[in-house]
Protein chains: 2
Amino acid sequence: MPTPERTTLAEIVRAGRDLLESGGPEGLTMQAVALRVGVRAPSLYKRVRNREALVALVAEATLSELSARIDAAAGGDDDEPRAALRRMARAARDFARARPAGFRLLFAPGADLPFDTASLQAASAPIVRVAVRLAGEEYALHAARTFTAWLNGFVSMELAGAFRLGGDVEAAFEFGLDRLASALGEPSA
Amino acid sequence: MPTPERTTLAEIVRAGRDLLESGGPEGLTMQAVALRVGVRAPSLYKRVRNREALVALVAEATLSELSARIDAAAGGDDDEPRAALRRMARAARDFARARPAGFRLLFAPGADLPFDTASLQAASAPIVRVAVRLAGEEYALHAARTFTAWLNGFVSMELAGAFRLGGDVEAAFEFGLDRLASALGEPSA
DNA sequence: ACCTGAACACCGTTCAAGT
DNA sequence: ACCTGAACACCGTTCAAGT
């Protein structure tokens, strides 16, 4: 005798994301997720292999949202590359502030969350595209990695509260953005 | 009737660091730590408030070791600043590879591990010192933050396995190092 | 075919009782 | 003064039994 489905995978992932933001990683329990979607914990295992797999799905959903925001900020290909870089950096930083726990999950996995290579590629694509225009084909990947590393590092440290020596953090962000944009565009020394 | 101490805080923290590296964050359990130092789990609470406090101590010990390595790599004040920057970056990257789980703990805390501001200051000091020589007093802090953000971001992404678009990751590291050193030394645009 | 209560292993933490 | 077993609350996960 079939029983009607009382929830969906999408609903479960959404509940996971909400719980992650409101209660951190340790707030993301199977019981809390189950409660939110109106089911008992054992039922979750019909849709998801285990908690780790659910966390991976949450990470992937977060990455794809970040990816979409960066993409939207990238602008057209006729745009000034430095302006595009600035918009993408702001978009990523704003996203990290809106979803700090989700952002942390992305590049700071407990063990190593293997997100899909395709998702990672989609997220990098707009950055690589701007890097091509800025640094040229040959150095585009290096330039994109340098920019992404700086951006991810800056935002992570900001979220972790690691900037505590005084000074204007906002100005430091602008400084880094300016200098990187210049540096990436120059011919190699 | 006093009982002789069967372990010490230092021993407990060491056990915590070892377990973190061998089994990740979830391998760092109170029971495993207790077993290693030859005591039962409840006894740990004589030296440590709870697991979270122990993790904070592990993070702080890791930060201070990283700090020492960067300091050792900084070299004398008569040295070429770009060479010093390169040595410090290598030292940090080597450290992250030797203690990946510990490194992850530093800037990717579950909630927000509040490490001691003094430790943070000690860790930044050699970088700020080189930044002064490279960028001048006025922009030293901005420059140090830009460099640290890039370094931390690059190493974190490397550890997380986020560089998967092909290309030479080693060369990307050198590229970033070169371009940053140049960019930070230039007068502001 | 999905859902559930019951059960199990495991973990963090407290506490009264030992020495 | 430190250490311990026992106990409690909580979590992830499995599974037989319900519909």
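Below, chains carry the letters A, B, ... as their sequence lines are ordered, and counting in each starts from 1.
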Checklist outcome for this item: Pairs under 3.5 Å (Watson-Crick or G-U), crossing ones as [ ], inter-strand ones as |: DNA chain C comes out as ||.|||||...|||||.||
Tell me which donor-acceptor pairs under 3.5 Å the side chains of residues 27-40 of chain B have, and how far apart each pair is, sequence neighbours excluded?
| residue | atom | partner | partner atom | Å |
| --- | --- | --- | --- | --- |
| B:Thr29 | OG1 | B:Ala32 | N | 3.0 |

Checklist entry - Considering residues at least two apart in sequence or located in another chain, which fulfil the ring-ring contact (aromatic ring centres under 6.0 Å, His included) criterion with B:Phe163? => result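 Testing B:Phe163 for ring-ring contact (aromatic ring centres under 6.0 Å, His included), a comparison that skips the adjacent residues, returns B:Phe154.
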Next on the checklist: The criterion is ring-ring contact (aromatic ring centres under 6.0 Å, His included); which residues satisfy it with A:Phe147, sequence neighbours excluded?
Outcome noted: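 So A:Phe147 forms no ring-ring contact (aromatic ring centres under 6.0 Å, His included) with any residue.
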Next on the checklist: Among residues at least two apart in sequence or on other chains, which ones pass side chain to side chain donor-acceptor pair (under 3.5 Å) with A:Glu174?
Outcome noted: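 If we apply the side chain to side chain donor-acceptor pair (under 3.5 Å) test to A:Glu174, skipping adjacent residues, the hits are A:Arg86, A:Arg90.
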Checklist entry - Taking only side-chain nitrogens and oxygens of B:Ser43, does any of them come within less than 4.0 Å of OP1 or OP2 of D:dC2? => result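 No, because none of the side-chain N or O atoms of B:Ser43 sits under 4.0 Å from OP1 or OP2 of D:dC2.
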Next on the checklist: Going by side-chain contact (heavy atoms from CB on, under 4.5 Å), name the residues that satisfy it together with A:Ser124, two or more places apart in sequence or in a different chain.
Outcome noted: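 Applying side-chain contact (heavy atoms from CB on, under 4.5 Å) to A:Ser124 gives A:Val128, B:Leu165.
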Checklist entry - Which residues satisfy the side-chain contact (heavy atoms from CB on, under 4.5 Å) test with A:Ala98, sequence neighbours excluded? => result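 For A:Ala98, no residue satisfies side-chain contact (heavy atoms from CB on, under 4.5 Å) once neighbours in sequence are set aside.
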Next on the checklist: Enumerate the side-chain hydrogen bond (donor to acceptor under 3.5 Å, both in side chains) contacts for residues 148-162 of chain A, please, sequence neighbours excluded, ordered by first and then second residue.
Outcome noted: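 For residues 148-162 of chain A: A:Arg93-A:Glu158, A:Arg97-A:Glu158, A:Asn152-A:Ser156.
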Checklist entry - With A:Glu80, which residues qualify under salt bridge (charged side-chain N to carboxylate O under 4.0 Å, His left out), at least two apart? => result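 Scan of A:Glu80 (salt bridge (charged side-chain N to carboxylate O under 4.0 Å, His left out), adjacent residues dropped) gives none.
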Item to check | Close approaches to DNA chain C from residues 4-16 of chain B, in residue order (heavy atom, under 4.0 Å) | outcome: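 By residue number: none to list.
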Next on the checklist: Considering only residues two or more places apart or on different chains, which pairs with a residue in residues 41-50 of chain B satisfy salt bridge (charged side-chain N to carboxylate O under 4.0 Å, His left out)?
Outcome noted: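 Every salt bridge (charged side-chain N to carboxylate O under 4.0 Å, His left out) pair that includes a residue of residues 41-50 of chain B, provided the two are not neighbours, is B:Glu5-B:Arg47.
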Next on the checklist: Suppose we call a contact any N or O donor and acceptor under 3.5 Å apart; does that hold for the side chain of B:Thr3 and the base of D:dC2?
Outcome noted: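 Counting by modelled atom types and ignoring angles, a donor-acceptor contact under 3.5 Å is found here.
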Checklist entry - Are B:Thr62 and B:Phe103 close enough that some pair of their side-chain heavy atoms sits under 4.5 Å apart? => result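 Sidechains of B:Phe103 and B:Thr62: no contact.
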Please list, pair by pair, any protein nitrogen or oxygen found under 3.5 Å from a nitrogen or oxygen in nucleotides 8-13 of chain D.
| residue | atom | partner | partner atom | Å |
| --- | --- | --- | --- | --- |
| D:dG12 | OP1 | A:Met30 | N | 3.2 |
| D:dG12 | OP1 | A:Arg51 | NE | 3.3 |
| D:dG12 | OP2 | A:Met30 | N | 2.9 |
| D:dT13 | OP2 | A:Tyr45 | OH | 2.8 |
| D:dT13 | OP2 | A:Arg51 | N | 2.8 |
| D:dT13 | O5' | A:Tyr45 | OH | 3.3 |

